[in-house]
Amino acid sequence: MGFRPMISSLLRSKTGPILVALQIAVTLAIVVNALFIVVQRSEKMNRDPGIDVDNVIVTYVRGFGEDFDVVNSITNDLDLIKSIPGVVTASVLNQVPLSGSGSGTGLRTVPDETIDSVNTARYRWDENGLDALGVRLSRGRNFLPAEVDVVKPTIDSGVPASVLVTQALADDLYGDEDALGQTVYWGDMTQSTIVGIIDHMHGSWVDWSKFNNSVIQPGIEADTTNKYVTRVEPGMRDELMPIIEQKLGESNRSRVIKSVRSLEEIAARSYRPDFAMVTILSIVMALLIGLTALVIVGLASFHVTQRTKQIGTRRALGATRMHIVIQFMLENWLITTAGAALGAILTFGVAYWLEVSYSLTRLDWRYLPAGIAALWILSSLAAMAPARRAASVPPAVATRSV
Amino acid sequence: MFKYHVKLALKSMRRNPIMTTLMVAAIAVGIGVSMTTLTIYYLMSGNPIPAKSDVLFAVTMDSWDPLRPFDDDFPERAPHQVTYHDAERLLSLAKGKRQVAMFESSLIVEPAGNGVLPFEASARVASSDFFPMFDVPFAYGSGWDTAADAAAEPVVVLTKALNERLFGGTDSVGSRLTLSGIRFQIVGVIDTWEPTPRFYDPIESGFEEVNDMFIPYSLTRAMELQSSGSDWGWKAEDINSFEQWLNSESVWIQYFVELDSPGDADKYLAHLDAYVNDQKRLGRFERPLNNNIYDVMEWMEYHEVVATDTRVLVGLSFMFLIVCLISTIALLLTKFVGKKAEISLRRALGASRQVIFNQQIVEVAVIGFSGGLIGLLLSVFGLQGIKFLYESPPGLARLDWVMTFTAIGIAVTSGVIAGLYPAWRVCQIPPAAQLKAQ
């Protein structure tokens, strides 16, 4: 059996099939592009932060009143937090990674203002900072307690002698050269020595292209708002959060406990637009696929009903049930394939529009064949029931009401 | 006749319940999804202060690093904020009809009475013109006057929400309130005010909530207020005191000016140029002269307040609506073909093509209208969902009358467009031809 009878029957009532093909084309274009965005955003959200996000609690406190001594308060608070059973260690950070707020700077390998600096997030923490975040030092050494000074934000306290950098920042600065032990220059051309390298750690701004670049200075920043980062034993986090809040609240009344949050929640907040995009696009894709499948079923059923007599005649002339099923499935396949061909062009059209107008990442072409294959399967499944019903038309129908 | 059409339409819809449901559902889902995204887009891109958006201008001056531009991606742009001392000098020159220098900070509120714990609240630190310039509505009292600006008086204007929290919503004007250790006098309480986007400060995001309270800009020095917004610096400066910080080249103050008419922009720019040229003589502003003012809508565009994601979603969801319409056309065609016998009969009994056509259009419009209504309902849910997903402020996910009528309009129009071809096809059925086969 060839394609001729199918094509001729398709051509006889062409509007229906053309519409279905058109619908399949637009569906393909939307689904492929939406899926690509969804996968990209999911990958972005699932990047390894290099931090023990699940077991870290972040506490924001702010002191007030004439008698408030910020340095004392920080020391006492950290001692108090560390004394709570289940707490691994705690540190005070100038900024919280993954939080969307932070401070950045530029570093150079030579003291020359005319050279563009390498941009990086800038952190300050004490000798417990690494452990409090669960960040791994791959080479070199941690800060020594003697290197940790108290720093007030508007007071220039001079630049520390030792810094840690992430591997990504080391690569940006020194390329293939070993960064350990090298000198880096700050904006005012003061210099620091790299004493340790962090294998991998995410910075503050999840959308920034230099998200992996961080430099860490030793110190305790006595800011208006102090950010305590506490790492706890696995599984203890939710239990310890209210305890920390309560104990800190009781210990000193001239402090406002602004919030006690898990780092997981803080990170989720930063990724909220991506999560929203993934959710919305997933719903749209599900609705779209469902609708298209229903329409294929509806139209295929209608064609079967309309052609009952033709099917009966073919059956009477010796076509087996299998032949009828194959006829309808092939017919459906032809429509789907025509739609997919048009859809391929449309898909790249939409991808081009997204790339040029909104500078989205260029579509990975492999999504298209995958999308077409999925469409073939979907449309075959949708056409299965109507085709089976067509096959059950008895040959005798042909002889009736002629 | 119209009533008869509607009656027939309902009858015909009841005859094919699955088909009808599918068609209504297709339109409803299409409208629901596209109206949800369109509403967000409409609210994001809306004009937050239509009466004055063309006479309010954000002021930028290029005081940045002589070696490189402020923003590598837009090298022609000056920094979007100004230095503290430039803002102070522009304020004292007062060349606009009104002008405001401002930034965001936060203070500790120490409520009177025992048992109420102190808490942190955000504050907009602004000069007195803020209120008349931006048409801020007052529930009680008013803003402060220029005398309070000049004397750096500790006066405060509360939002309705903070007044509710502290004073149970009563008229608190004249009461005292301790903020970060200083006794303030409450001079006003603003009424509900949700500028969407928050045009006067779109820097972090265009859709932040209005700050809890407002205090005079001139208190900055006395209270050593720090910005909780962003500050940007380029120059390595020795900063060992708050005064040195205020005199630094860091940009962290937002500056707006109101002019009498949009035509005065050039005159104001000339004033800015004169100011900057004066400063150049003092060795500042080493970059080429690059001052600019942006009216409200230009400022929204500058900060890209409409998120790229939103634009992409609007585009994709309208393609989705197209798919829904194609489905509806295909289903209608299918259905009409099934009605050949009936149409033939009506034609044979004397109904003209026009009547048959009208009949079909009414049926399609009924489907479009019901689909539109259900779609509208879906978009209400959709907006709730978006509100939840983005944790957006109250102004950003509400359906107003414009959008409601747009939704119904789009639904009926698209229903009719989808129905035109099938209806035309049905009219072509010759009278009696179908009757023969019976």
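The line from CD1 of B/I108 to CZ of A/R62 is 4.5 Å long, rounded to the nearest 0.5 Å. Expressed to the nearest 0.5 Å, how far CG of A/L22 lies from OG of B/S327 amounts to 10.5 Å. Rounding to the nearest 0.5 angstrom, the gap separating the OG atom in A/S259 from the CD atom in B/E120 is 9.5 Å. Rounded to the nearest 0.5 angstrom, B/I329 CD1 and A/Q23 CD are separated by 10.5 Å. Taking CH2 from A/W353 and CE from B/M319, the interatomic distance works out to 8.0 Å, rounded to the nearest 0.5 Å. Between the CG atom in B/L325 and the CG atom in A/L19 there is a gap of 11.5 Å [rounded to 0.5 Å].
The neighbour count for B/Q244 CD, taken as heavy atoms of other residues, nucleotides or ligands under 6.0 Å away, is above 12. Within 6.0 Å of CZ in A/F275 there are 12 or fewer heavy atoms belonging to other residues, nucleotides or ligands. Counting non-hydrogen atoms of other residues, nucleotides and ligands closer than 6.0 Å to CD of A/E113 gives a total of 12 or fewer. Heavy-atom contacts from other residues, nucleotides or ligands closer than 6.0 Å to CD of B/E304 number 12 or fewer. Applying the 6.0 Å contact sphere to CZ of B/R165 captures no more than 12 heavy atoms from other residues, nucleotides or ligands.
Heavy-atom pairs under 4.5 Å with chain A peak, among B/T308, B/L67, B/V323, at B/V323. In terms of heavy-atom pairs under 4.5 Å with chain B, the best-connected choice from A/T225, A/T279, A/I30 is A/I30. Heavy-atom pairs under 4.5 Å with chain B peak, among A/T27, A/L281, A/V20, A/D116, at A/D116. Ranking A/I257, A/L354, A/I280 against chain B, the residue ahead of the rest is A/I280, based on heavy-atom pairs under 4.5 Å. Note on B/G233, B/G181, B/A26, B/S106: by heavy-atom pairs under 4.5 Å with chain A, the leading option is B/S106. Counting heavy-atom pairs closer than 4.5 Å to chain A, the top residue among B/L316, B/D309, B/L333 is B/D309. Put simply, of A/V295, A/L288, A/I24, the one with the most heavy-atom pairs under 4.5 Å next to chain B is A/L288.
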Yes or no on side chain to side chain donor-acceptor pair (under 3.5 Å) for B/R311 and A/S357, after CA distance, side-chain angles and deciding distance?
CA-CA 10 Å; B/R311 295 176 195 267; A/S357 308; over 6 Å; no

Pair B/L313-A/M277, side chain to side chain contact (heavy atoms under 4.5 Å, CB included): steps then yes or no
CA-CA 8 Å; B/L313 282 178; A/M277 194 72 168; 3.9 Å; yes

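No side-chain heavy atom of A/F64 sits less than 4.5 Å from a side-chain heavy atom of B/S180. Contact annotation: the side chain of A/R272 never approaches that of B/L389 to less than 4.5 Å [non-hydrogen atoms, C-beta and beyond].
With a 4.5 angstrom heavy-atom cutoff, A/R269 touches chain B only via side-chain atoms. At a 4.5 Å heavy-atom cutoff, the contact between A/L291 and chain B is made by side-chain atoms alone. Using a 4.5 Å cut-off between heavy atoms, A/I115 touches chain B through its backbone atoms (N, CA, C, O) alone. Only the backbone of B/F388 comes within less than 4.5 Å of a heavy atom of chain A; no side-chain atom from C-beta onward does.
Contact between B/P118 and A/V256 at its shortest, heavy atoms only, is O-CG2, 3.7 Å. Closest non-hydrogen pair, A/P273 versus B/Y390, comes out as CA-CE2, 3.9 Å.
When the heavy atoms of residues 28-38 of chain B are compared with those of chain A, the residues falling under 4.5 Å are B/V29, B/V33, listed by number.
With sequence neighbours excluded, no residue forms a ring pair (Phe, Tyr, Trp, His ring centres under 6.0 Å) with B/F320. Among residues two or more places apart in sequence or in another chain, the ring pair (Phe, Tyr, Trp, His ring centres under 6.0 Å) test is passed with A/W208 by A/W205. For B/F70, the ring pair (Phe, Tyr, Trp, His ring centres under 6.0 Å) test picks out B/W64, B/H80, B/W232, with sequence neighbours left out.
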